[in-house]
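Presented below is the structure to which this report refers.
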Amino acid sequence: MLRLRSSFLSLVRAASPLPSPPTHPCAWRFLSTHPAPFSLEGYLVTACGLTPAEARKASKKASHDLSRETPNKLPYSPRLNSASNPDAILALLSGVGLSRADIAAVVSADPLLLRASVKNIGPRLLALRDRVGLSTTQIARFLLVDSRALRCCDVVPRLEFFISFYGSLEKVLEASKRNRILLIASLERSIKPNIALFRQWGVRDVAQLCSNFPRVLTYNPQRVKEFLARAEQLVPPTSGLFGQAVSVIACVSEEKLAAKLEFFKRTLGCSESEVSTAVSKTPAIIALSDEILLRKIEFLVNEAAMEPRYIVERPVLLTYSLEKRLVPRHNVLTVLKEKRLLSSNTNFFRIIKLGEETFKSKFIDCHEDSVPGLADAYAAAHAGIVPSKV
C-alpha cells in the first residue's frame, strides 16, 4: 500500500512540475515592474513648464472643475490617462503661435483644456486666427479668460457676434469675466432675443447696459421681459440709468423692492413720490442692505449734519462707501475747519463727489506743511484704522 502511494505521488510531481525561473536577462525586469500611471501634476511640470507648486494647484483645480462639469460621473477622464491627448493639445496651441510661457499660463488657468477633444479644438483654434482674425496675443488673452468656451462649444460664431456687438475683443472679455456662461449661451435662444427686447423697450445703449450687467443677456427671455416691465416702473427706458435699474430689479424680488421703498419712507421721513424720485435718480440704492443704508444715514445726519430731505434729494450719497470715503473725508474737513484752513460752510456733498486724486490735491497735499500728519491720518482712516489726533 505504501509502495503504491509513493508511486502515485511521483507521477503527480512528474506531471505538474513547478515553473522554472526565467532565463532571459530582461525577464525579471519585465515581471517585476509596471508602467507608471500618468500624473497630470508631473506632466504640468515636465511638459508645460509649471513649478511644482503651480502644478499642484492646477492639478487640484482640474479635479475640482472636472467634478463640477461632470457631477454625475466618476472624477476620471480617459483623455488624461496618458500624455497622448495633452501632447496633441500642446501641439495645437503651439501651432497657432503661442509661446511656451503663453501655454504655461493657459493650462495653469484651465488644466482641463488638456483633456479637450483634439478634433474639436484644432479647427476652433485655427478659426480664431484665420476667421475671426485674432492675433497670437489676442488668442492667448482669450484663452486665459475663457478657454472653457473653446472646450464646450463652437465659440467662433459667438465671438464674432459679440465683437461686433460690444465693439472690441477686450470689451467681450471684460463681459465674459462678469458672466462665465456668456460665450457658451445660445445666440438664437437667449442672446439675440434679449437684445431685441431691450431695443423694443427703447433702451438707448444696449451694448453699454450689457457691458455693465452682461448676465442679463443669458437669462430666459421671458424673465428679461418681466425685469424690463418692473424696471420701467422705476426709471424711463430712455434714461441712461435704465440699465442700472434692470440690473437691480434682476436681483430683487417684488416683495423686497416694496420693503425697501417702505424702509426709505420710514427712515428718511419722506413720501412715496419722493422715494420714487430718489430711486429714479439712483436705482443702485435699492440693492444696498438696510443695515448698510442705516449706518450711512445715521452718519450723514448725526455727524455730517445733513437733513434727511437733503439726502433724499441727493440719493447718490448713499452709494459711497462709509469707511473708504464718507468718514475719512469728513475727518479731513473737520481738522481743516478746526485749524481755520477751511470755511465752516464748505459743501460736504461737493467734496464727496470729487475723485480721489482731486480730493487729495485740494484738501491734503496743499496742507502738508501747515497740518503735519494729515496725509497719514487720512490714509489710516481710508484703511479702516482709527487715526491718532492730528
Side-chain angles (χ1 to χ4, degrees), residues 92-93 95-98 102 105-106 109-110 113 116-117 120-228 231-232 235-247 249-250:
L92 291 174
L93 295 174
V96 292
L98 268 65
D102 290 334
V106 168
D110 182 20
L113 183 61
S117 167
N120 290 336
I121 294 295
R124 291 171 189 171
L125 276 173
L126 291 176
L128 290 178
R129 183 190 65 189
D130 302 334
R131 178 172 154 184
V132 183
L134 300 188
S135 66
T136 300
T137 302
Q138 288 176 318
I139 293 174
R141 173 81 175 125
F142 163 70
L143 293 175
L144 278 173
V145 172
D146 204 352
S147 60
R148 178 170 172 257
L150 187 77
R151 293 192 280 114
C152 295
C153 65
D154 184 5
V155 71
V156 171
R158 294 168 171 83
L159 204 52
E160 287 180 314
F161 175 84
F162 280 118
I163 289 175
S164 173
F165 176 67
Y166 281 117
S168 71
L169 175 67
E170 281 306 312
K171 290 181 179 179
V172 174
L173 297 183
E174 286 302 315
S176 179
K177 288 178 186 177
R178 297 181 181 183
N179 183 357
R180 303 308 299 180
I181 66 169
L182 183 68
L183 293 177
I184 63 175
S186 170
L187 287 176
E188 304 305 325
R189 291 195 302 271
S190 299
I191 308 298
K192 291 180 179 179
N194 285 334
I195 290 174
L197 281 172
F198 297 136
R199 289 174 175 155
Q200 179 184 329
W201 244 263
V203 176
R204 289 192 306 183
D205 192 340
V206 178
Q208 185 60 51
L209 184 157
C210 298
S211 294
N212 296 333
F213 189 54
R215 189 172 299 177
V216 75
L217 278 173
T218 55
Y219 285 142
N220 181 295
Q222 185 56 44
R223 288 189 67 196
V224 172
K225 187 180 293 186
E226 294 170 4
F227 297 153
L228 289 168
E232 191 175 19
V235 180
T238 53
S239 167
L241 294 171
F242 186 69
Q244 188 181 118
V246 173
S247 65
I249 286 298

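Since we're looking at a predicted model, the values are computed, not measured. Just the heavy atoms: all of them, side chains too, but no hydrogens, waters or symmetry mates, feed the values below.
- In this structure, CZ on R124 lies 12.0 Å from CG on L92, to the nearest 0.5 angstrom.
- Shortest non-hydrogen contact noted between P193 and P221 is CB-CG, 3.9 Å.
- With respect to K171 and E174, no salt bridge is recorded, no charged nitrogen being found less than 4.0 Å from a carboxylate O.
- Here T218 contributes atom OG1 and N179 contributes atom CG; the two are 4.0 Å apart, rounded to the nearest 0.5 Å.
- The shortest side-chain heavy-atom distance between I195 and I191 falls under the 4.5 Å cut-off.
- Using a 4.5 Å heavy-atom threshold, the side chains of R141 and V145 count as touching.
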message = Test side-chain hydrogen bond (donor to acceptor under 3.5 Å, both in side chains) on N212 and S247; report intermediate values, then the result.
response = CA-CA 8 Å; N212 296 333; S247 65; over 6 Å; no
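- Proximity of V203 to V246: side-chain heavy atoms (C-beta onward) are nowhere separated by under 4.5 Å.
- A distance-only check finds no donor-acceptor pair linking the side chain of D102 to the backbone of A140 [under 3.5 Å].
- Across all non-hydrogen atoms, the minimal contact from L113 to I121 is CD1-CD1, 4.3 Å.
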* To do: Could you walk me through whether L128 and L125 pass the side chain to side chain contact (heavy atoms under 4.5 Å, CB included) test, one step at a time?
  => CA-CA 5 Å; L128 290 178; L125 276 173; 4.3 Å; yes
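- A distance of 11.0 Å separates CZ of F213 from CD1 of I249, quoted to the nearest 0.5 Å.
- The number of heavy atoms from other shown groups lying within 6.0 Å of NZ (K192) is above 12.
- For the residue pair D205 and Q208, the shortest heavy atom distance occurs at OD1-N, 3.0 Å.
- Side-chain contact between F142 and L183 is present, with at least one heavy-atom pair separated by less than 4.5 Å.
- You'll find the side chain of I163 reaches within 4.5 Å of the side chain of V132, heavy atoms only.
- Q200 meets the side chain to side chain contact (heavy atoms under 4.5 Å, CB included) test with L197; sequence neighbours excluded.
- Within 6.0 Å of the CZ atom in R215, the count of heavy atoms belonging to other residues, nucleotides or ligands does not exceed 12.
- No side-chain heavy atom of F162 sits less than 4.5 Å from a side-chain heavy atom of V155.
- Counting only distance, with no hydrogens or angles, the side chain of D110 and the backbone of L143 share no donor-acceptor pair below 3.5 Å.
- Panel note: side chain Y166, backbone C210; a donor-acceptor pair is recorded below 3.5 Å.
- The two residues R131 and P157 make their nearest non-hydrogen contact at NH2-CG, 4.0 Å.
- Proximity of a side-chain donor or acceptor of S176 to a complementary backbone N or O of V172 within less than 3.5 Å is not detected.
- The side-chain heavy atoms of N194 and V216, taken from C-beta on, include no pair separated by under 4.5 Å.
- Taking the six-membered ring for Trp and thresholds of 30 and 60 degrees, F161 and F165 have nearly parallel ring planes, at less than 30 degrees apart.
- When atom types are taken as modelled, the side chain of R178 and the backbone of S211 share a donor-acceptor pair closer than 3.5 angstrom.
- Contact detail for G133 and Q138: the closest heavy-atom pair is O-OE1, 4.1 Å.
- In this structure, the separation between CD on E232 and OG1 on T238 is 9.5 Å, given to the nearest 0.5 Å.
- Inter-residue side-chain proximity for I139 and T136 is flagged as unmet; no heavy-atom pair is nearer than 4.5 Å.
- When all heavy atoms of I184 and C152 are compared, the closest pair comes out as CG2-CB, 4.2 Å.
- With hydrogens and angles ignored, the 3.5 Å screen pairs a side-chain donor or acceptor of R158 with a backbone N or O of A185.
- Put simply, OG on S190 and CD1 on I181 are 8.0 Å apart, with the number rounded to the nearest 0.5 Å.
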